[in-house]
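A short write-up of the structure that comes next.
These numbers come from a predicted model, not from an experiment. In each ligand, atom 1 is the first atom listed, and ligand 1 is the first ligand listed.
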Amino acid sequence: MQFQKNIIEVKNLNFSYEKQKVLEDINFTIEKNDFLTIIGPNGGGKSTLLKLILGINKLQNGFIKVFGKNHLEEIQNIGYVPQNTNVNLKFPITVLEVVMMGQNSFIKRMFGYKKDEKQKALEVLKKVSMEDFANNRISNLSGGQRQRVLIARALFSNPKILLLDEPTSNIDINGCEQVYLTLQELNKKIPIIVVSHDISVILKYASKAFYINKKMTQHDLSKMKDEFKSIDSHVCEIELLEMLGKCRC
Ligand SMILES: Nc1ncnc2c1ncn2[C@@H]1O[C@H](COP(=O)(O)OP(=O)(O)OP(=O)(O)O)[C@@H](O)[C@H]1O
């Protein structure tokens, strides 16, 4: 197989809802080991960009290539953890069952799961350090634990890229760290793209940051890394966000 440097390539992307322009002249590439965070103000266009990559929003111009092909041909290789999960917490469903919902076959869901699928679900739960909770009800987990289960669900179909939309909203700082440590471990094998408002936490883990407010500013975080690693107290996220929005690095 030919070596593919760019896992995702986006060029000349513009997008509008009705007459409201939401994204303007977006260009970037994602490589194999990237851990990218997409940050920016509310309504800046972050989720819209993810939905374009996933084919949920229809491309209006420009192009998105995944592994060198039209992105729509490669959707099955993209794992997605959406902002609002569709798991009904009132439904008496176990962690293992939630993970196995990561396969798209309705027939399989109707007629039960095979033994090897349960084994595979346990393996992906191990990747997010949640295998001991396999038989617990999803409703009994903490927010951070639940989010790691939803990451396992996205991993069930062996994606080659993982996209997450605000995976740590409503999770306390320790839960956040656990989720990001999990993502850091997964990033040894696959690129990670995460939309987040947890600026100071995510900047410790990410290698790149894209600030989006209709237009995009790209930041290579490797140089700033040591400073962010030493952050263990309060940082003013508003100032940090403003700085990243104005900076032209
Ligand atoms: N389906 C839609 N139809 C019309 N307008 C939409 C739709 N989805 C989003 N928008 C608008 O597009 C803009 C960008 O929304 P988007 O959800 O991409 O922002 P975001 O950066 O993810 O915001 P947040 O941080 O609040 O989640 C907003 O003004 C929003 O109201």
Does the Lys NZ or Arg CZ of Lys65 fall within the cation-pi geometry relative to Phe63 - under 6.0 Å from the ring centre and within 45° of the axis?
yes

Got the closest protein heavy atom to atom 16 (P) of ligand 1, with its distance?
Thr48 OG1, 3.6 Å

Do me a favour and list the nearest non-hydrogen protein atom to atom 9 (C) of ligand 1 with residue, atom name and distance?
Tyr17 CE1, 3.4 Å

Under the 4.0 Å line, does any protein heavy atom show up next to atom 31 (O) of ligand 1?
no

Does the Asn70 side chain pair with the main chain of Leu72, one donor and one acceptor, at a distance under 3.5 Å?
yes

Can you establish whether the number of heavy atoms outside Lys215 located under 6.0 Å from its atom NZ is more than 12?
no

Nearest non-hydrogen contact with atom 29 (O) of ligand 1 belongs to which option: Lys21, Lys214, Gln20?
Gln20

Using a distance-only test with no angle check, is there a side-chain donor-acceptor pair under 3.5 angstrom linking Tyr205 and Glu177?
yes

Checking a contact table here: which protein heavy atom is nearest atom 23 (O) of ligand 1, and how many Å away?
Gly43 N, 2.8 Å

What are the atoms of ligand 1, with element, lying closer than 4.0 Å to any heavy atom of Pro41?
21 (O)

Verify whether one side chain among Asn187 and Gln184 offers a donor that lies under 3.5 Å from an acceptor in the other.
no

To atom 21 (O) of ligand 1, the nearest of His197, Lys46, Lys51 on a heavy-atom basis is Lys46

Nearest protein heavy-atom contact for atom 27 (O) of ligand 1: which residue, which atom, what distance?
Glu166 OE2, 3.4 Å

Verify the distance criterion only: is there a donor paired with an acceptor across the side chains of Asn27 and Asp25 at less than 3.5 Å?
yes

Should Gly44 be counted as touching ligand 1, given the test is an N or O pair under 3.5 Å?
yes

In the protein, which heavy atom is nearest to atom 17 (O) of ligand 1, and how far is it?
Ser47 CB, 3.7 Å

Among all protein heavy atoms in this structure, tell me which lies nearest to atom 26 (O) of ligand 1, with the distance rounded to 0.1 Å.
Asn42 ND2, 2.9 Å

In this structure, does ligand 1 have an atom that sits under 4.0 Å from one of the heavy atoms of Gly45?
yes

Applying side chain to side chain donor-acceptor pair (under 3.5 Å) to Glu74 and Asn77, what does each step give before you reach the verdict?
CA-CA 6 Å; Glu74 289 290 320; Asn77 283 321; 2.7 Å; yes

Do Ser47 and Asp165 get their side chains close enough for a donor-acceptor pair, meaning under 3.5 Å?
yes

Cation-pi check for Phe15 against Lys21: NZ or CZ below 6.0 Å from the six-membered ring centre and within 45 degrees of the axis, yes or no?
no

Polar contact flag for Val22 and ligand 1 (N/O pairs, less than 3.5 Å)
no

